[in-house]
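In what follows, a structure is listed as structure tokens, so that the remarks can point back to it.
For reference, positions follow the sequence shown, starting with 1. Read the numbers this way: they start at 1 and go in the same order the structure lists the ligands and their atoms.
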Amino acid sequence: MDNCIFCKIIRKEIPKKFEYESETLVAFFDINPSADIHLLIVPKTHIGGVGDITSEHSVLLIEIYQVINKLVAENNLEDDLYRVVVNGGKAQHVPHLHFHLLGGRWKKMV
Ligand code: AMP
Ligand code: ZN
């Protein structure tokens, strides 16, 4: 998607340090964090949102949770509460499916 900010990040048109990258996924810190640790896990393929998920994405969804588990461990979040949040609907700010991983102290709802 030409004008999608997350697609631009994935194509490396916008510089961004990736905390994780595979053939299918990237993860990076949210630019406007809502918690001490606020990571975004983003599929490289442009999926608009939750409502666009189909059975074709079943392996990808497992991979997303495997990466979340890896990031939880790397950021020492397992001894406290962490949340995985996926926003949807027309008020979603970036219409490219992404999973928020929030840990530490919350500042506000994402
Ligand atoms: P939402 O689509 O409502 O789940 O929110 C999109 C999230 O992406 C927000 O938490 C933003 O702070 C975050 N975000 C937007 N642009 C960037 C960027 N260039 N780098 C990192 N995070 C971003
Ligand atoms: Zn996109």
Side-chain angles (χ1 to χ4, degrees):
M1 293 281 280
D2 287 353
N3 287 323
C4 169
I5 187 160
F6 285 178
C7 283
K8 286 182 183 173
I9 288 172
I10 288 157
R11 289 196 300 264
K12 302 190 164 95
E13 291 168 19
I14 296 174
K16 183 67 66 183
K17 181 175 183 284
F18 291 149
E19 303 307 310
Y20 177 86
E21 182 174 15
S22 70
E23 273 184 30
T24 51
L25 298 172
V26 295
F28 49 85
F29 281 106
D30 196 291
I31 205 166
N32 182 22
S34 298
D36 291 340
I37 303 287
H38 186 168
L39 284 150
L40 301 176
I41 298 88
V42 187
K44 284 188 171 175
T45 184
H46 183 94
I47 301 166
V50 172
D52 299 301
I53 293 174
T54 70
S55 55
E56 283 177 28
H57 303 122
S58 54
V59 172
L60 180 68
L61 290 175
I62 299 294
E63 288 174 2
I64 287 170
Y65 280 100
Q66 288 173 327
V67 173
I68 288 170
N69 290 341
K70 180 178 158 61
L71 293 168
V72 164
E74 283 175 6
N75 289 278
N76 302 309
L77 299 180
E78 62 267 86
D79 289 338
D80 204 344
L81 180 72
Y82 61 86
R83 292 195 299 155
V84 177
V85 175
V86 188
N87 291 326
K90 290 191 175 143
Q92 187 183 329
H93 292 106
V94 179
H96 178 135
L97 181 70
H98 54 280
F99 288 59
H100 298 254
L101 170 62
L102 298 132
R105 287 163 54 91
W106 325 122
K107 289 166 189 152
K108 57 184 186 278
M109 289 294 287
V110 290

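Near L40, the atoms of ligand 1 lying under 4.0 angstrom from a non-hydrogen atom of the residue are 8 (O), 13 (C), 22 (N). Every atom of ligand 1 is numbered from 1 in the order shown, and the set under 4.0 Å from a heavy atom of D30 is 7 (C), 8 (O), 9 (C), 10 (O), 11 (C), 12 (O), 13 (C), 22 (N). Near F6, the atoms of ligand 1 lying under 4.0 angstrom from a non-hydrogen atom of the residue are 8 (O). Every atom of ligand 1 is numbered from 1 in the order shown, and the set under 4.0 Å from a heavy atom of F29 is 21 (C). Below 4.0 Å from some heavy atom of N32 lie the following atoms of ligand 1, by number and element: 12 (O). Under a 4.0 Å criterion applied to the non-hydrogen atoms of H98, ligand 1 contributes the atoms 1 (P), 2 (O), 4 (O), 5 (O), 6 (C). Which parts of ligand 1 touch K16 is read off a 4.0 Å heavy-atom cut-off, strictly below it: atoms 18 (C), 19 (N), 20 (N), 21 (C).
Not one N or O of A91 is nearer than 3.5 Å to an N or O of ligand 1, by distance alone.
Considering each of H96, H93, H38, K8, the one bringing a non-hydrogen atom nearest atom 3 (O) of ligand 1 is H93. Across V86, V94, V42, heavy-atom proximity to atom 2 (O) of ligand 1 is greatest for V94.
Nearest protein neighbour of atom 19 (N) of ligand 1, counting heavy atoms only, is I9 CD1, 3.6 Å. Among protein heavy atoms, atom 22 (N) of ligand 1 sits closest to I31 N, 3.1 Å.
Closest N/O/S atom of H96 to the Zn ion (ligand 2): ND1.
Contact annotation: for F28 versus ligand 1, heavy atoms closer than 4.0 Å belong to the side chain alone. The part of N87 lying near ligand 1 is the side chain, judged by heavy-atom distances below 4.0 Å.
With L101 as the partner, the side-chain contact (heavy atoms from CB on, under 4.5 Å) test is satisfied by one option alone out of I37, N75, I68: I68.
Between H98 and H96, the gap from one ring centroid to the other reaches at least 6.0 Å.
When all heavy atoms of F6 and V42 are compared, the pair lying nearest together is CD1-CG1, 4.0 Å.
Residue contact check for ligand 1: I14 places no non-hydrogen atom closer than 4.0 Å to it.
Ion pair E19/K70 not flagged as a salt bridge, since none of the NZ, NE, NH1 or NH2 atoms sits closer than 4.0 Å to an Asp/Glu carboxylate oxygen.
For C7 atom SG and H46 atom ND1, the angle they make at the Zn ion (ligand 2) is roughly 110°, to 10 degrees.
In L81, the CG atom is crowded: over 12 heavy atoms of neighbouring residues, nucleotides or ligands sit closer than 6.0 Å. Atom OH of Y20 is surrounded by more than 12 heavy atoms from other residues, nucleotides or ligands within 6.0 Å. E13 CD: more than 12 foreign heavy atoms inside a 6.0 Å radius.
Both F99 and L39 belong to a common hydrophobic cluster when Ile, Leu, Val, Met, Phe, Trp and Tyr are linked at side-chain heavy-atom distances under 4.5 angstrom. Linking Ile, Leu, Val, Met, Phe, Trp and Tyr whenever their side-chain heavy atoms come within less than 4.5 Å leaves L102 and V67 in two separate clusters. V26 and F29 fall into different hydrophobic clusters, defined by Ile, Leu, Val, Met, Phe, Trp and Tyr side-chain heavy atoms under 4.5 Å apart, directly or through other members.
Inter-residue side-chain proximity for V50 and L97 is flagged as met; some heavy-atom pair is nearer than 4.5 Å.
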